[in-house]
*Asks:* 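What follows is a structure written as structure tokens; I'll ask about it next.
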Amino acid sequence: EVQLQASGGGSVQVGGSLRLSCAASGFRFDDYSIGWFRQAPDKEREGVSCINLNNRRSDVSSYYREPVKGRFAMSTDVADNTVTLQMNHLKPEDTAVYYCAASPGSCYISADYQKYWGQGTLVTVSS
């Protein structure tokens with residue numbers, strides 16, 4: 001059974017940090033790219049970032065949407081099938097439910113390309 005388990009959400013003040021984790025199971029982790037998406041109240045779900053572990057190239061590439069560049073960073077632990085999203089310098093506009101998702105092959109920070117979705121974890125940033 002394929003599972004993506006997101007965790008780590010919470011409430012922080014502006015400028016604070018949170019670390020989200022996404023634990024994956026039931027599929028070959030390094031054949032996929034893992035992305036983070038978020039959905040704020042009354043807004044559409046939007047892509048945040050993506051990380052691609054290309055086993056043949058033995059490197060890791062990560063990509064970020066402009067609103068989070070320089071503040072968010074993804075990392076992966078292939079041995080544990082876990083991807084993390086370190087979120088620093090949080091802003092009120094980062095408040096949303098965050099989801100992790102998996103797409104086969106290359107990174108696409110687009111919900112349309114995701115094959116598997118985890119449940120969301122709520123991040124609230126207050127001023």
Side-chain angles (χ1 to χ4, degrees):
E1 179 186 5
V2 172
Q3 283 193 333
L4 291 169
Q5 185 75 28
S7 61
S11 296
V12 294
Q13 292 190 324
V14 169
S17 298
L18 280 174
R19 186 177 179 89
L20 305 184
S21 292
C22 178
S25 61
F27 61 94
R28 185 177 170 88
F29 189 63
D30 54 5
D31 282 347
Y32 282 76
S33 296
I34 303 295
W36 285 97
F37 295 78
R38 66 187 182 185
Q39 187 165 16
D42 299 324
K43 292 190 176 181
E44 292 187 357
R45 189 172 299 189
E46 64 175 4
V48 174
S49 62
C50 181
I51 192 164
N52 173 26
L53 176 58
N54 187 323
N55 202 36
R56 290 169 295 178
R57 291 172 55 195
S58 298
D59 64 2
V60 175
S61 299
S62 55
Y63 307 91
Y64 305 89
R65 284 285 171 84
E66 196 61 39
V68 306
K69 278 184 180 178
R71 300 188 296 121
F72 291 11
M74 292 186 71
S75 61
T76 183
D77 185 337
V78 177
D80 289 339
N81 278 15
T82 300
V83 169
T84 60
L85 179 68
Q86 179 66 42
M87 306 187 296
N88 300 322
H89 306 293
L90 284 162
K91 305 175 180 180
E93 53 263 42
D94 295 319
T95 295
V97 177
Y98 284 71
Y99 302 85
C100 60
S103 61
S106 301
C107 262
Y108 292 100
I109 312 181
S110 170
D112 293 342
Y113 288 92
Q114 309 308 310
K115 185 173 183 179
Y116 304 120
W117 287 89
Q119 91 296 351
T121 185
L122 177 63
V123 172
T124 303
V125 184
S126 57
S127 56

*Asks:* Please give me the minimum heavy-atom distance between Leu122 and Ala96, naming the atom from each residue.
*Replies:*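 So the minimum-distance heavy-atom pair works out to CD1-O, 3.6 Å.
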
*Asks:* Shortest non-hydrogen contact from Val14 to Ser127?
*Replies:* CG2-CA, 3.6 Å

*Asks:* Shared ILVMFWY cluster between Val97 and Trp117, side chains joined below 4.5 angstrom?
*Replies:*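 The answer is yes; both residues are in one hydrophobic cluster.
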
*Asks:* With a cut-off of 3.5 Å and sequence neighbours excluded, list every side-chain donor-acceptor pair involving residues 82-89.
*Replies:*
residue	atom	partner	partner atom	Å
Thr82	OG1	Asp80	O	3.0
Thr84	OG1	Ser75	OG	2.5
Gln86	OE1	Arg19	NH1	3.1
Gln86	NE2	Asn88	OD1	2.9
Asn88	OD1	Ser17	OG	2.9

*Asks:* Please enumerate all residues that pass side-chain hydrogen bond (donor to acceptor under 3.5 Å, both in side chains) together with Tyr99, with sequence neighbours excluded.
*Replies:*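 Partners of Tyr99 by the side-chain hydrogen bond (donor to acceptor under 3.5 Å, both in side chains) criterion come out as none, since no residue qualifies.
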
*Asks:* Could you tell me whether the side chain of Phe27 reaches within less than 4.5 Å of the side chain of Leu4, counting heavy atoms only?
*Replies:* yes

*Asks:* Does some side-chain heavy atom of Thr121 sit less than 4.5 Å from a side-chain heavy atom of Ser7?
*Replies:*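 The answer is no; the side chains never approach within 4.5 Å.
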
*Asks:* For Thr95 and Val125, which heavy atoms make the closest approach, and how far apart are they?
*Replies:* OG1-N, 2.9 Å

*Asks:* Quick one: does Trp36's side chain get under 4.5 Å of Phe72's, heavy atoms only?
*Replies:* no

*Asks:* Mind checking what makes side chain to side chain contact (heavy atoms under 4.5 Å, CB included) contact with Gln119, not counting sequence neighbours?
*Replies:*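 Here the qualifying residues are Gln5, Ala6.
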
*Asks:* Counting C-beta onward and ignoring hydrogens, is there a side-chain heavy-atom pair between Tyr63 and Met74 closer than 4.5 Å?
*Replies:* no

*Asks:* So, using side-chain hydrogen bond (donor to acceptor under 3.5 Å, both in side chains) as the criterion, who are the partners of Glu44 when residues are at least two apart?
*Replies:* none

*Asks:* Heavy atoms only: give me the nearest Cys22-Ile34 pair and the separation to one decimal.
*Replies:*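 Heavy atoms of Cys22 and Ile34 come nearest at SG-CG2, 4.5 Å.
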
*Asks:* Hey, any chance Val123 and Val48 share a hydrophobic cluster, counting ILVMFWY side chains that come within less than 4.5 Å of each other, even indirectly?
*Replies:* yes

*Asks:* Answer yes if Phe37 and Leu18 sit in the same cluster of Ile, Leu, Val, Met, Phe, Trp and Tyr residues linked by side chain heavy atoms under 4.5 Å apart, and no otherwise.
*Replies:* no

*Asks:* Can you give the donor-acceptor pairs under 3.5 Å from side chains of residues 100-115 to other protein atoms, not counting sequence neighbours?
*Replies:*
residue	atom	partner	partner atom	Å
Ser103	OG	Ser106	O	3.4
Ser110	OG	Asp112	N	3.4
Gln114	OE1	Ser103	N	3.4
Gln114	NE2	Tyr108	O	2.8
Gln114	NE2	Ser110	O	3.0

*Asks:* For residues 70-79, which residue pairs qualify under salt bridge (charged side-chain N to carboxylate O under 4.0 Å, His left out), counting only residues two or more places apart or in two chains?
*Replies:* Arg71-Asp94

